[in-house]
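These notes concern the structure reproduced below.
One is the number of the first residue; the rest follow in order along the sequence. It should be emphasised that the depicted structure is a prediction, and the values quoted were computed from it without experimental measurement. For the numbers below, each heavy atom of this structure counts, side chains included, while hydrogens, waters and symmetry mates do not.
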Amino acid sequence: MTWLALVDKTQRRFSNFGIGIDRHDHPVVPEEPGSQMPCGTILIEATMPHTDRPELLFGYENDDHPAHRFLGIRALPAGGVTCLVGFGGAVQHLALDMPVDRPQTPLWISFSWNAAKREARLALEVPGTPIFAARKMQLDMPIFASDLRSAITHLTQISKSAIFVAISDAWEPLGPTPGLALDMPINTPFGPKEAQSLQRGDLVYTADGEQVPVLAAVQRRLPARGSARPIRIRAAFFGLKRDCVVSATQSLYASGSHVEYAHGCEAVLIPAGHLANGRTATQEPAGPIVDYVQVLTPQHTALSVTTGAVESLFIGRLRRHKDKTAATLLNDLPRRDLPEQIATAAPVLDHSATLFLEQQRFG
């Protein structure tokens, strides 16, 4: 798969060759006007609008040959999204309610299509979690690469509710998403190993010094914006001996007397995005695209990394839902091998709780 486009509040990019580390020596989608795009995904990160009318997050309309065509993805004020696709006189429609009642939570909204299978999917997910909802339909009309390119290159500004819009040439997975830099050193009985080198069956250490097996190691290439933007956690914080880079949704494991005093529990998980205050952590300079990796263990746990700790991949109770599992990065893993993770290794702090903890630690 290749990411072809990325738009945020500061820039816009589109290339038939791919952008950033995705760039190829040859076009990965047709450049000729009127050429269909056989497969792809439009991915939008956005918060739900505070208006009494639908808000267009991304779309286009074109009257050129071979027929009038349009596409529009809109956020609904009551929660949820809708997608309209039109070609000639035909119109197809998909609508989806929010999977959770979290109005301020950024969501990933995606529309994927596969022309060979005549299939499309609209999905809503909470980034970095196993929480998502999706709906499919038969797609009887084409999507043109030239329409998508025109929509990106002629876009004056994105919706107020949107954080970024990205387009890939693949049917993108949903659900749990890796959040560790590929070279993150994870402690094993044979010394630290880069996360990207770990394989099924390897043993890794937890923050408590226990050895647990790796059930799967998953990687994903994502737009380096919004919930997937890289965050650099500075050494000396959280017991780290060296800086580490993770995604904004990747949680760090924190314990100690200050945690118990502030929150009444032995340990907590803190999403890295909450820490990007210029002191504990900073936003890492990055190109448009970034690679992440993560390991799945039998229980959701805190992985030992350079004397600090980060959470492993949390998949919740996905194994109970065959269709949902098939839509994730874990599709190739036999369902009998998927663990059932009833709860996270520790409570996950929201942004305000993180600020309170930081005040207790640093004043």
*Please confirm whether the backbone N or O of Leu203 pairs with a side-chain atom of Gln211, one donor and one acceptor, at under 3.5 Å?*
no
*Does the side chain of Asn331 come within less than 4.5 Å of Pro173's, by heavy atoms?*
no
_Would you say Leu269 ends up clustered with Val126 if hydrophobic residues are merged whenever their side chains have heavy atoms under 4.5 Å apart, either directly or through other cluster members?_
no
*Shortest non-hydrogen contact from Ser304 toward Asn187*: OG-ND2, 2.7 Å
*So, Glu61 side chain and Phe70 main chain: donor-acceptor pair closer than 3.5 Å or not?*
no
*Give a yes or no on whether Phe58 and Phe144 share a hydrophobic cluster (residues Ile, Leu, Val, Met, Phe, Trp, Tyr; joining criterion: side-chain heavy atoms under 4.5 Å apart).*
yes
*Output yes when a side-chain donor or acceptor of Asp8 lies under 3.5 Å from a complementary backbone atom of Thr10, and no otherwise.*
yes
*Please walk me through it: do Ile73 and Leu56 pass side-chain contact (heavy atoms from CB on, under 4.5 Å)?*
CA-CA 6 Å; Ile73 301 173; Leu56 180 67; 5.8 Å; no
*Are Asp63 and Arg69 within salt-bridge range, i.e. N to O under 4.0 Å?*
no
*Mind listing the closest non-hydrogen atom pair of Gly179 and Tyr292 along with its distance?*
C-CD2, 3.7 Å
*Are the side chains of Leu296 and Val214 in touch, meaning some heavy atoms are under 4.5 Å apart?*
no
_With a 3.5 Å distance limit and no angle check, can you tell me whether Gln138 reaches the backbone of Ala120 through a side-chain donor-acceptor pair?_
no
*Nearest 0.5 Å, what's the CG-CZ distance between Leu139 and Arg121?*
13.5 Å
*Test side-chain contact (heavy atoms from CB on, under 4.5 Å) applied to Leu303 and Glu311, step by step*: CA-CA 6 Å; Leu303 301 170; Glu311 65 167 338; over 6 Å; no
*For Trp113 and Trp171, indicate whether the former's side chain and the latter's backbone hold a donor-acceptor pair under 3.5 Å.*
no
*Answer with yes or no whether the side chains of Ser110 and Ser112 bring together a donor and an acceptor at under 3.5 Å.*
no
*Do side-chain atoms of Arg74 reach the backbone of Leu57 as a donor and acceptor pair under 3.5 angstrom?*
no
*Would you check if there is a donor-acceptor pair between the side chains of Thr206 and Asp208 at a distance under 3.5 Å?*
no
*In this structure, are over 12 heavy atoms from other groups packed under 6.0 Å from Lys9 atom NZ?*
yes
*Taking the side chain as every heavy atom from C-beta outward, state whether Ser247 and Pro230 have any pair of such atoms under 4.5 Å apart.*
no
*If you measure only the distance, is there a donor-acceptor pair under 3.5 Å linking the side chains of Thr325 and Arg335?*
no
_Keeping Ser150 on the side-chain end and Ser146 on the backbone end, is there a donor-acceptor pair under 3.5 Å?_
no
*Scan residues 310-352 for pairs that pass ring-ring contact (aromatic ring centres under 6.0 Å, His included), counting only residues two or more places apart or in two chains.*
His274-His351, His300-Phe314
*Backbone of Lys193 reached by a side-chain donor or acceptor of Ser197 within 3.5 Å*: no
*Quick one: do Met98 and Met48 satisfy side-chain contact (heavy atoms from CB on, under 4.5 Å)? Show the steps, please.*
CA-CA 10 Å; Met98 287 183 62; Met48 291 298 102; 3.5 Å; yes
*Nearest 0.5 Å, what's the OG1-CZ distance between Thr282 and Arg234?*
5.0 Å
_With clusters defined by side-chain heavy atoms of hydrophobic residues (ILVMFWY) lying less than 4.5 Å apart, directly or transitively, does Met1 cluster with Ile19?_
yes
*Please name the pair of heavy atoms, one in Arg200 and one in Leu215, separated by the smallest distance, quoted to 0.1 Å.*
NH1-O, 2.8 Å
*Which pair of heavy atoms, one from Pro223 and one from Ala166, lies closest together, and at what distance?*
CG-CB, 3.5 Å
*Specify the closest pair of heavy atoms between Ala281 and Ile233, including all atoms of both residues, with the distance to one decimal.*
CB-CD1, 3.5 Å
*Under a 4.5 Å cut-off applied to non-hydrogen side-chain atoms, are Ile231 and Arg229 in contact?*
yes
*Does a side-chain heavy-atom distance below 4.5 Å link Val293 with Val218?*
no
*Going by heavy atoms in the side chains, are Ser161 and Glu55 under 4.5 Å from each other?*
yes
_CD (Gln11) with more than 12 external heavy atoms under 6.0 Å_ = yes
_Distance check, rounded to the nearest 0.5 Å: Leu122 atom CG versus Lys136 atom NZ?_
13.0 Å
_When you compare the side chains of Ser227 and Glu45, does any donor N or O come within less than 3.5 Å of an acceptor on the partner?_
yes
*Got Leu318 and Arg320 here, is their nearest side-chain heavy-atom distance under 4.5 Å?*
no
*If you round to the nearest 0.5 Å, how far is SG of Cys244 from CG of Leu180?*
8.5 Å
*asked:* Between Thr297 (side chain only) and Val212 (backbone N and O only), is there a donor and an acceptor less than 3.5 Å apart?
replied: no
*Pick out which of Asn16, Asp169, Asp22 makes a side chain to side chain contact (heavy atoms under 4.5 Å, CB included) with Val28.*
Asp169
*Would you sort out whether Leu174 and Glu125 count as a side-chain contact (heavy atoms from CB on, under 4.5 Å), showing the intermediate values?*
CA-CA 7 Å; Leu174 304 174; Glu125 52 186 320; 3.3 Å; yes
*Among side-chain atoms of Glu172 and Ser168, is any donor-acceptor pair under 3.5 angstrom?*
yes
*Side chains of Pro178 and Leu222: closer than 4.5 Å at any heavy-atom pair?*
no
_Ignoring hydrogens and geometry beyond distance, is a side-chain donor-acceptor pair present between Gln294 and Gln250 at under 3.5 Å?_
yes
*So, the side chain of Thr82 versus the backbone of Leu94: is there a donor-acceptor pair under 3.5 Å, distance only?*
yes
*asked:* If you compare all heavy atoms of Leu148 against all heavy atoms of Phe14, which two are closest, and at what distance to 0.1 Å?
replied: C-CE1, 4.2 Å
*With sequence neighbours left out, write down each residue that passes salt bridge (charged side-chain N to carboxylate O under 4.0 Å, His left out) with Arg232, or none if nothing qualifies.*
Asp243, Glu284
*asked:* Rounded at 0.5 Å granularity, tell me how far OG1 in Thr354 sits from CD1 in Ile270.
replied: 5.5 Å
